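Following: one structure in structure tokens, then a few remarks.
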Amino acid sequence: MKPLDEFAREFGAHLSLETSLIVENKNRYFLLNQKLKRLVGTEDFFYAGTYLGKTKNGQFFPSFILLKIVAEKNVNKMFVDVKTAWLFICGRDIFKKGIVKVEGSKRKGAYTLVLNQYGECLGFGKILHDLDEEKGRVVVKNILDIGDFLRREK
Amino acid sequence: MSGKEFFVNRYEKLGWKYADTALKQAIRINAMNIEETSAAERLESLGIMLEKIPFLERGYWIKSKFSIGATAEYLLGYYSIQEAAAQIPATLFTQLRGKTILDACAAPGGKTVQLADLMRNSGAIIALDIEKQRLTALANHLERCGVKNTVTYLLNARNASQLKMKFDCILLDVPCSGNFTTDKEWFKRRTIEDVERNAEIQREILAEAVKVLKDNGEIVYSTCSLEPEENEFNINWALNELNLQIEKINCYGDKARTTVFGEKLDSSIADCRRIWPGNTQGFFVCKLKRA
């Protein structure tokens, strides 16, 4: 599944999902298990199994379950402090001082997952400035965070 | 026939004296995502007060100065906000793991997620609802809680046989008239005609559910209505018309009424549970199998 693979590659990850169990429905991607695969198809389903994301206007929007799958791999990720984690969930960008640890790329333009003190994936962002060089400014632009669950229902 | 006096008189005839009830906010920890003790500790560290609900496995009454629907723990799917009585029906099935389940009136999905949690994401849940907007809310709930074993369809529960599937367990948390504890305007808005209309829809859903139930399958039927037309009378009808029998259940609540407004019903209806408002909202629940 090209959009999924391309998205994972942005973080330096290779997805190893069983492609025969991935179904596309109205530009949305779902990962099924064998039992669901046998069941799906009698009617046009709305949601099935593990939601992976959707494409809209040629752009891929990942689900939070997909981010969690990617986060389990050896990929670009950063751990942030408690205050930064909360602000990130509220849709804010990340300042250098809020970053506790970085794994993977620190380079400008790279995508990185954002994890809290417990190592839980809160979303992802784009690195705006090389992390080794910057000190005071916003260094990661918030692209998607779990606060989206609240925003999307408004 | 409507109004507070009308309904309160009915409740008195059923043996309950009306009392104003302040509903306690409750949550349920999703054990598929986090250990219960870890979740409880994290919530307490945020300043949320938790009180274990004695008749539920992973349910807590909570007190919080801020919205419990906006914590990172909530957004990560570690708990669901679910009223205490509403947590009962999903727990009444004999065995869920690996089974094929129908959640016939699923949105917004509190019980669907609870079923998935009890199944540890094994087997399959087919979840139906008739409104696309409600299915979207259900989908968000499933994604947030990391549910992996559910397929949802935009389909009326009264047409469930269109799926051409048979189910081990069927949850019928049917659309109902609700009760005054969750709706301050309830007595102003509801009439006995509403109740009877809902009861009719519920009977149609029950009849359809029987068509898609496996021979040894179980149906759990629940409403958050206090009205006997949607509860004892409907179950009495199901015993007579659908060849069902009531299974004994062990859960919070009083025995349901076997004599209602002078009419004598099947004695086994005492094995259904009627929950009057107090610790929880008003509720009715029972388990059915083929006779």
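Throughout, a chain's letter reflects where its sequence line sits, starting with A, and its residues are numbered from 1. It should be emphasised that the depicted structure is a prediction, and the values quoted were computed from it without experimental measurement.
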salt_bridge([X], [Y]) N-O dist < 4.0 Å:
X      : Y      : value
B/R58  : B/E36  : no
B/K211 : B/E208 : yes
B/D103 : B/K111 : no
A/D132 : A/R107 : no

Have [X] and [Y] got a donor and an acceptor in their side chains that come within less than 3.5 Å?
X      : Y      : answer
B/T94  : B/K287 : yes
B/R28  : B/Q87  : no
A/Y118 : B/E73  : no
B/S80  : B/Q114 : no

By number, which residues in residues 5-34 of chain A have some heavy atom less than 4.5 Å away from chain B?
->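 When heavy atoms of chain B are the reference, residues 5-34 of chain A contributes A/N33 within the under-4.5 Å range.
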
Considering only heavy atoms, give the residues of residues 56-91 of chain A separated from chain B by less than 4.5 Å, sorted numerically, with 'none' for an empty result.
-> A/S63, A/F64, A/I65, A/W86, A/I89

Out of [options], which one racks up the most heavy-atom pairs below 4.5 Å with chain A?
options                : result
B/L135, B/T71, B/N149  : B/L135
B/R144, B/R42, B/K132  : B/R42
B/Q133, B/H141, B/E143 : B/E143
B/T136, B/I125, B/I126 : B/T136

Residue [X] versus chain A: region with a heavy atom under 4.5 Å:
X      : answer
B/A127 : neither
B/L138 : neither
B/T100 : both

Portion of A/D148 that has a non-hydrogen atom of chain B nearer than 4.5 angstrom = neither

Pick one of side chain, backbone, both or neither for A/L36, based on which atoms fall under 4.5 Å of a heavy atom in chain B.
-> side chain

CG-CD1 distance between A/N142 and A/I94, expressed to the nearest 0.5 angstrom |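 Atom-to-atom, A/N142:CG and A/I94:CD1 are 7.0 Å apart.
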
Pair B/Y153 + A/F46: ring centers closer than 6.0 Å | no

Could you tell me whether B/R120 atom CZ has more than 12 heavy atoms of other residues or ligands within 6.0 Å of it?
->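 It does: B/R120 CZ has more than 12 such atoms within range.
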
Decide if atom NZ of A/K108 counts as having more than 12 heavy atoms of other residues, nucleotides or ligands within a radius under 6.0 Å.
->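 Not more than 12 within 6.0 Å, no.
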
A/D145 and A/L122, any side-chain heavy atoms less than 4.5 Å apart |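 SC-SC contact between A/L122 and A/D145 ruled out.
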
Should A/V102 and A/L131 count as side-chain neighbours, where that means a heavy-atom distance under 4.5 Å?
->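 Sidechains of A/L131 and A/V102: in contact.
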
